[in-house]
Structure formats: C-alpha cells, structure tokens
Trainee: 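There's a structure below that I have some questions on.
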Amino acid sequence: KGLPHFAKGEVIKGFGRGSKELGIPTANYDVDVVNKLPDEVEPGIYFGFANIDNGCVHKMVMSVGWNPFYNNTKKSMETYVMHKFDSDFYGKTLKVVMLGYLRPEKNFASVDELIKAINGDVANAEIKLEADELTSFVGLRLFQNST
Ligand code: FMN
C-alpha cells in the first residue's frame with residue numbers, strides 16, 4: 001500500500017553503525033523526508049531503485065521504522081544502495097523509488113543474525129527487481145532531473 005513511493009533528500013549522518021558494526025553502509029534521510037512518508041507505508045523492509053546526485057540508478061533495500069534491534073526512538077528511512085561506492089554520501093542527494101515490501105522489522109538475538117537477515121533482503125531484492133514491470137523505473141525522469 002502507498003507504493004510506489006518517491007523520495008528525495010540530502011543524506012545525513014545516522015548512528016554510524018551501518019558501516020562499522022554491520023559492514024552494510026546505510027544512507028539516512030532527515031526527518032522532513034521521513035515525515036512525508038504516507039501512513040499507509042508501514043514500517044518494514046522495502047526494495048526499489050536509488051541514485052546519488054543524479055548518477056547511475058542502482059537497486060536498493062530500505063529499512064523504514066525504529067530498528068527494534070537498536071531500539072531507536074526516531075522513525076528512520078535507511079537505504080542500502082546495492083553498489084560498491086568509494087566514498088560515503090553525506091550531504092549528497094539521494095533519490096529513491098520504493099516499489100515493494102519484503103518483511104516487517106524484527107528484533108534479533110545477535111548482530112550476526114541481523115546481518116544475515118539484511119543479506120537475505122538484498123538477495124530477495126536482487127531477484128524481485130529483475131521483474132519486467134519494475135525495470136522500467138530505472139529510466140524514470142526523477143532520477144535524471146536535477147530538480
Ligand atoms: N534493524 C532492525 O532492528 N531490524 C531489522 O529487521 C532490520 N532490517 C534491516 C534491513 C535492511 C535491508 C537494512 C538496510 C537495515 C535493516 N535494519 C534493521 C536497520 C539496521 O539496524 C540499521 O541500518 C543499522 O543500525 C545502521 O543504522 P545507522 O545508519 O543509523 O548507523
């Protein structure tokens with residue numbers, strides 16, 4: 001419900017756990033972008049496409065909610081862009097289109113299990129985003145325009 005959802009905003013610093021603890025760097029949006037998320041887009045893990053500063057469009061997975069494993073107090077949208085980048089994207093513009101829902105956010109007994117779950121999400125997203133009706137989103141004008 002509420003999909004596809006388009007979002008655009010500057011990447012801000014999260015808690016920095018993504019890259020250090022998990023080895024999975026996530027790009028965080030500020031509250032203004034999070035607040036634009038319609039209520040029918042429930043917390044959970046989503047897949048779609050993303051780009052940075054109008055660059056190449058890559059697959060992405062996004063966690064929406066409160067990260068029960070870390071018990072965050074602020075709702076967040078954390079995007080893992082499925083591509084190897086040389087540097088971080090703080091201050092850059094992240095555009096995303098959320099296309100599908102994978103699972104609810106869960107709590108885990110260990111960081112290892114969280115990492116396993118995220119790797120599973122990436123594998124699922126990889127397959128689902130190959131669907132013909134979704135690949136057309138790669139060419140979206142949103143990703144090219146500098147507006
Ligand atoms: N956090 C949870 O507590 N439970 C989850 O089920 C969960 N699933 C995630 C799935 C994906 C695909 C991603 C990218 C993140 C997920 N997270 C989940 C959030 C991570 O805990 C979070 O990205 C990490 O704490 C890094 O946060 P930071 O950027 O604020 O440091």
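When reading the values below, keep in mind they use all heavy atoms of this one structure, side chains included, and skip hydrogens, waters and symmetry mates. In this text, all values refer to a predicted model and were calculated from it rather than measured experimentally. Counting convention: from 1, in listed order, for ligands and their atoms alike. Residues: numbered from 1 along the sequence shown.
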Trainee: Can you tell me which residue and heavy atom of the protein come closest to atom 17 (N) of ligand 1, and the distance to 0.1 Å?
Mentor: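 Going by distance alone, atom 17 (N) of ligand 1 is nearest to Ser63 OG, 3.6 Å.
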Trainee: N/O to N/O below 3.5 Å, does that happen between Pro68 and ligand 1?
Mentor: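 Between Pro68 and ligand 1, an N or O pair is found under 3.5 Å apart.
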Trainee: Give me each pair satisfying salt bridge (Lys or Arg N to Asp or Glu O under 4.0 Å) with a member in residues 116-131, each pair once, sequence neighbours excluded.
Mentor: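 Checked against salt bridge (Lys or Arg N to Asp or Glu O under 4.0 Å) - neighbours excluded - the pairs reaching residues 116-131 are Lys59-Glu126, Lys59-Glu130, Arg103-Asp121.
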Trainee: What protein heavy atom lies closest to atom 10 (C) of ligand 1? Include the residue and the distance to one decimal.
Mentor: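 So the nearest neighbour among protein heavy atoms is Asp121 OD2, 3.3 Å.
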Trainee: Is Ala117 near ligand 1, meaning one of its heavy atoms is under 4.0 Å from it?
Mentor: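 Distance cut 4.0 Å: Ala117 fails for ligand 1.
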Trainee: Regarding ligand 1, does Thr26 bring an N or O atom to under 3.5 Å of one of the ligand's N or O atoms?
Mentor: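 Checking ligand 1 against Thr26, an N or O pair does fall under 3.5 Å apart.
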Trainee: Just need the protein heavy atom nearest to atom 22 (C) of ligand 1, so name the residue and atom and give the distance.
Mentor: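 Here the closest protein heavy atom is Glu78 OE1, 2.8 Å.
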Trainee: To check your reading of the model: name the closest protein heavy atom to atom 6 (O) of ligand 1, its residue, and the distance in Å.
Mentor: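 Result: Arg103 NH1, 2.8 Å.
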Trainee: Measuring from non-hydrogen atoms of Phe108 to any atom of ligand 1, is the shortest distance under 4.0 Å?
Mentor: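 True for this residue.
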Trainee: Quick check: do Glu105 and Asn67 have side-chain heavy atoms less than 4.5 Å from each other?
Mentor: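 Heavy-atom side-chain distance check passes, below 4.5 Å.
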Trainee: Before signing off on this row, confirm whether Lys106 and ligand 1 have an N or O atom pair separated by under 3.5 Å.
Mentor: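 Indeed, backbone or side chain, Lys106 has an N or O that close.
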Trainee: Using a 4.0 Å heavy-atom cut-off, which part of Ile24 comes near ligand 1: side chain, backbone, both, or neither?
Mentor: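 Answer for Ile24: neither.
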Trainee: Using modelled atom types and a 3.5 Å cut-off, is there a donor and acceptor pairing between side-chain atoms of Lys95 and backbone atoms of Leu142?
Mentor: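 At least one qualifying donor-acceptor pair exists.
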